[in-house]
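Encoded as structure tokens, the structure appears first; notes follow it.
Just so you know, these numbers use all the heavy atoms, side chains as well, and skip hydrogens, waters and symmetry mates.
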Amino acid sequence: ADRMDSASDEINGFRMERVRQVVFKHLKSPSLRPDMLCKMVGMSRSALYRLFEHSGGVARYIQRQRLLHAYAMLSDPLNRTPILVIGEELCFADPSSFSRAFRHEFGCSPKDVRLGASRGSSIAPMGRPCQTLDIACFGDFLRQPNSPCC
């Protein structure tokens, strides 16, 4: 039984990493949805949903990755891509839905993050349980493999 649990954890870790890579590669694709993700990684819908049930589901995971990518782009003082374009590139239906999702996720608007980055001061995301991890920088946060919200 212990070997089965250990093997199951390793298999799920491998599957999760494969899904993460596919999501990252297709982050800007409007066709990146749970059904397409199943086909891209060769996994059944139920297996995919089980894999992400701890993080709020597959669609939530994809949206969170898109928002994290937007946050990283907006935090880069050298990136001058308009906020509107960032939202469109990351498959948000319109600027208000992007801004609303961003504010809900991070507790500040995309404009606030952009202004903070241009002034040389970063705006820390809103303190949620999943963001109290021991990390040194935002890049470390993005790479957290077992984060409950990512």
Side-chain angles (χ1 to χ4, degrees), residues 9-43 45 47-150:
D9 289 344
E10 288 181 31
I11 291 168
N12 284 339
F14 173 75
R15 287 179 173 168
M16 187 66 135
E17 182 57 30
R18 195 168 79 205
V19 171
R20 280 190 186 121
Q21 289 174 2
V22 170
V23 168
F24 184 75
K25 183 178 178 182
H26 298 280
L27 208 53
K28 295 181 179 183
S29 171
S31 65
L32 181 62
R33 294 183 308 270
D35 57 333
M36 291 303 294
L37 192 54
C38 288
K39 292 177 185 172
M40 288 187 247
V41 297
M43 188 180 302
R45 182 180 169 98
L48 185 68
Y49 277 79
R50 272 193 308 275
L51 198 59
F52 284 94
E53 84 187 331
H54 69 278
S55 59
V58 181
R60 173 74 182 110
Y61 175 80
I62 292 169
Q63 180 179 18
R64 177 148 178 80
Q65 295 310 305
R66 286 176 170 155
L67 290 168
L68 287 168
H69 188 73
Y71 191 99
M73 290 176 72
L74 292 165
S75 296
D76 180 359
L78 301 176
N79 186 325
R80 293 285 161 221
T81 306
I83 294 171
L84 171 75
V85 174
I86 291 172
E88 286 176 0
E89 284 180 355
L90 294 171
C91 308
F92 285 89
D94 54 63
S96 63
S97 65
F98 171 61
S99 183
R100 190 170 36 254
F102 192 94
R103 183 178 296 278
H104 182 263
E105 189 67 38
F106 300 114
C108 55
S109 72
K111 184 178 179 181
D112 293 339
V113 174
R114 168 67 52 84
L115 287 173
S118 69
R119 293 180 182 154
S121 63
S122 63
I123 304 241
M126 180 171 64
R128 294 181 175 200
C130 64
Q131 294 166 334
T132 59
L133 301 168
D134 185 25
I135 55 175
C137 67
F138 188 69
D140 291 344
F141 176 74
L142 291 174
R143 290 185 287 277
Q144 285 294 315
N146 297 321
S147 175
C149 59
C150 307

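- Counting only heavy atoms from C-beta outward, the side chains of Val58 and Val19 never approach each other to under 4.5 Å.
- Across Ser109 and Arg103, no two heavy atoms sit closer than the pair CB-NH2, 3.1 Å.
- With a 6.0 Å radius and a threshold of 12 heavy atoms from other residues, nucleotides or ligands, Arg18 has its CZ atom above the threshold.
- Side-chain contact between Val113 and Phe106 is absent, with no heavy-atom pair separated by less than 4.5 Å.
- Here Asp9 contributes atom CG and Phe14 contributes atom CZ; the two are 15.5 Å apart, rounded to the nearest 0.5 Å.
- Taking all atoms of both residues into account, the shortest heavy-atom contact from Ala70 to Ile86 is CB-CG2, 3.9 Å.
- Annotation: side chain of Val41 is not in contact with side chain of Arg15 (no heavy-atom distance under 4.5 Å).
- Here the OG atom belonging to Ser29 is positioned 11.5 Å from the CG atom belonging to Leu90, to the nearest 0.5 angstrom.
- Side chains of Met40 and Leu32 form a contact here, defined as non-hydrogen atoms less than 4.5 Å apart.
- Residues Arg66 and Phe92 are in side-chain contact: their nearest non-hydrogen atoms beyond the backbone lie under 4.5 Å apart.
- Side-chain contact between Arg20 and Met16 is present, with heavy atoms from C-beta onward closer than 4.5 Å.
- Identified under the salt bridge (charged side-chain N to carboxylate O under 4.0 Å, His left out) test for residues 69-90, with sequence neighbours left out: Lys28-Glu89.
- A donor-acceptor pair is defined here as one N or O able to donate and one able to accept, closer than 3.5 Å; such a pair exists between the side chain of Ser75 and the backbone of Tyr71.
- Across every non-hydrogen atom of Pro34 and Ala59, the tightest pair is CG-N, 4.2 Å.
- Minimum heavy-atom separation, Met73 to Asn79: O-CB, 3.4 Å.
- When all heavy atoms of Phe98 and Pro110 are compared, the closest pair comes out as CE2-CG, 3.8 Å.
- With sequence neighbours left out, the side-chain contact (heavy atoms from CB on, under 4.5 Å) criterion links Phe24 to no other residue.
- In plain terms, the two heavy atoms of Ser55 and Arg60 that are nearest each other are O-CG, 3.7 Å.
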